[in-house]
A.B. asks: 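Next up is a structure, given as structure tokens.
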Amino acid sequence: MTFTAGTKVRASDLNDLADEGSATYEYANLSTTINNLAVITFTAMLDGSSNSCGVAFVAPPSGQVVIRWGANIVSGTTSSTVLTGTAVRQGATIGSGTIVDDVADADCFEVNSTTRVPGQRERQVDGLTAGNSYNARISWRNSGSTTSTANKPWISVTPVPA
């Protein structure tokens, strides 16, 4: 929304602007340790109760959001890298629905330390349909066959103003 000189501005106009992406939609974290990652393809980051670290959200008018995520990661060996990223799917059920923006190595943060390393990353997702429901979930993988650990993973989704 654009205002020009001489235009009367109503409170409802300002409220409309606030709805275009001024606040974080969703935030989730798991205050647990996730052990024994030993797979080389991306898999959901699940805790011991099979809860995944993800959020459901409604796409803003811009069709764009910024996803931020992080965790404390420990690799089982320095010769194996742990990659942590996100995928976005259609629908409000976390981990379900057609993938509209898949996890990719280039968008991940990487850890290859046997000492716990806090990491986080953010990326913008474009092309979402305004008003539709989506979900984002953290996924991770190992570059080798060693086991790794994540502690306190978190994810947030923030709308980009139109």
A.B. asks: Please find the pair of heavy atoms, one from Asn72 and one from Pro118, that lie closest to each other, and give the distance.
C.D. replies: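 Nearest pair, atom of Asn72 first, then Pro118: OD1-CB, 3.2 Å.
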A.B. asks: Looking at every non-hydrogen atom in both residues, tell me the closest pair between Ser133 and Val58 and how far apart they are.
C.D. replies: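 In this case the closest contact between Ser133 and Val58 is OG-CG2, 4.2 Å.
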A.B. asks: List in chain and number order the residues that pass side chain to side chain donor-acceptor pair (under 3.5 Å) with Arg121, two or more places apart in sequence or in another chain; answer none if no residue qualifies.
C.D. replies: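 Here no residue qualifies.
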A.B. asks: Rounded at 0.5 Å granularity, tell me how far OG1 in Thr81 sits from CD1 in Ile73.
C.D. replies: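 Between atom OG1 of Thr81 and atom CD1 of Ile73 there are 12.0 Å.
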A.B. asks: Any side-chain heavy-atom pair from Val66 and Val157 closer than 4.5 angstrom?
C.D. replies: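 Side chain of Val66 against side chain of Val157, heavy atoms only: no contact under 4.5 Å found.
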A.B. asks: Between Asn135 and Gly91 (side chain of the first, backbone of the second, donor and acceptor by atom type, cut-off under 3.5 Å), is there such a pair?
C.D. replies: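 Between the backbone of Gly91 and the side chain of Asn135 there is a qualifying donor-acceptor contact (under 3.5 Å).
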A.B. asks: Considering only heavy atoms from C-beta outward, does the side chain of Thr84 approach that of Cys108 to under 4.5 Å?
C.D. replies: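 Heavy-atom side-chain distance check fails, nothing below 4.5 Å.
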A.B. asks: What's the spacing between Gln120 CD and Trp154 CH2 if we round to 0.5 Å?
C.D. replies: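 Separation between the atoms: 4.5 Å.
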A.B. asks: If the condition is side-chain contact (heavy atoms from CB on, under 4.5 Å), which residues does Val117 pass it with, not counting sequence neighbours?
C.D. replies: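 For Val117, the residues satisfying side-chain contact (heavy atoms from CB on, under 4.5 Å) (neighbours in sequence not counted) are Val111, Ser113.
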A.B. asks: Which pair of heavy atoms, one from Val125 and one from Val88, lies closest together, and at what distance?
C.D. replies: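 That closest heavy-atom pairing would be CG2-CG2, 4.1 Å.
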A.B. asks: Working to the nearest 0.5 Å, report the span between OG of Ser96 and CD of Gln90.
C.D. replies: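 These two atoms lie 12.0 Å from each other.
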A.B. asks: As an exercise, state the distance from CD1 of Ile67 to CG of Asp101, rounded to the nearest 0.5 Å.
C.D. replies: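 Those atoms lie 7.0 Å apart.
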A.B. asks: Look up atom CD1 in Ile94 and atom CZ in Phe57, then write down how far apart they are to the nearest 0.5 Å.
C.D. replies: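 Between atom CD1 of Ile94 and atom CZ of Phe57 there are 10.5 Å.
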A.B. asks: Side chain of Trp69, backbone of Gly54: donor and acceptor closer than 3.5 Å?
C.D. replies: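 Pair absent, no side-chain N/O of Trp69 close to backbone of Gly54.
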A.B. asks: Do the side chain of Tyr134 and the main chain of Thr129 share a donor and acceptor less than 3.5 angstrom apart?
C.D. replies: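 A pair under 3.5 Å: yes.
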A.B. asks: For the residue pair Asn112 / Glu110, report whether a side-chain donor-acceptor contact shorter than 3.5 Å exists.
C.D. replies: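 Distance-only check fails for Glu110 and Asn112.
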A.B. asks: Is there a side-chain contact between Gln64 and Gln124 in this structure, where contact means two heavy atoms from C-beta onward sitting under 4.5 Å apart?
C.D. replies: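 In short, these two side chains touch, coming nearer than 4.5 Å.
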A.B. asks: Compare every heavy atom of Ala130 with every heavy atom of Pro61, then report the nearest pair and how far apart it is.
C.D. replies: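 That would be CA-CB, 3.7 Å.
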A.B. asks: Decide side-chain contact (heavy atoms from CB on, under 4.5 Å) for Val82 and Trp140; before the verdict, give the C-alpha distance in whole Å, the side-chain angles of both, and the deciding distance to 0.1 Å.
C.D. replies: CA-CA 7 Å; Val82 180; Trp140 63 338; 3.8 Å; yes
A.B. asks: Are the side chain of Thr114 and the backbone N or O of Ser75 linked by a donor-acceptor pair below 3.5 Å?
C.D. replies: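 No, because the side chain of Thr114 does not come within donor-acceptor range (under 3.5 Å) of the backbone of Ser75.
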A.B. asks: Decide whether Arg123 and Thr86 meet the rule of one side-chain donor and one side-chain acceptor closer than 3.5 Å.
C.D. replies: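 There is such a pair between these side chains.
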A.B. asks: So, Arg89 side chain and Ile99 main chain: donor-acceptor pair closer than 3.5 Å or not?
C.D. replies: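 Checked: no pair found.
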A.B. asks: At what distance, to the nearest 0.5 angstrom, does CD1 of Ile155 lie from SG of Cys53?
C.D. replies: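 With rounding to 0.5 Å, CD1 (Ile155) is 6.0 Å from SG (Cys53).
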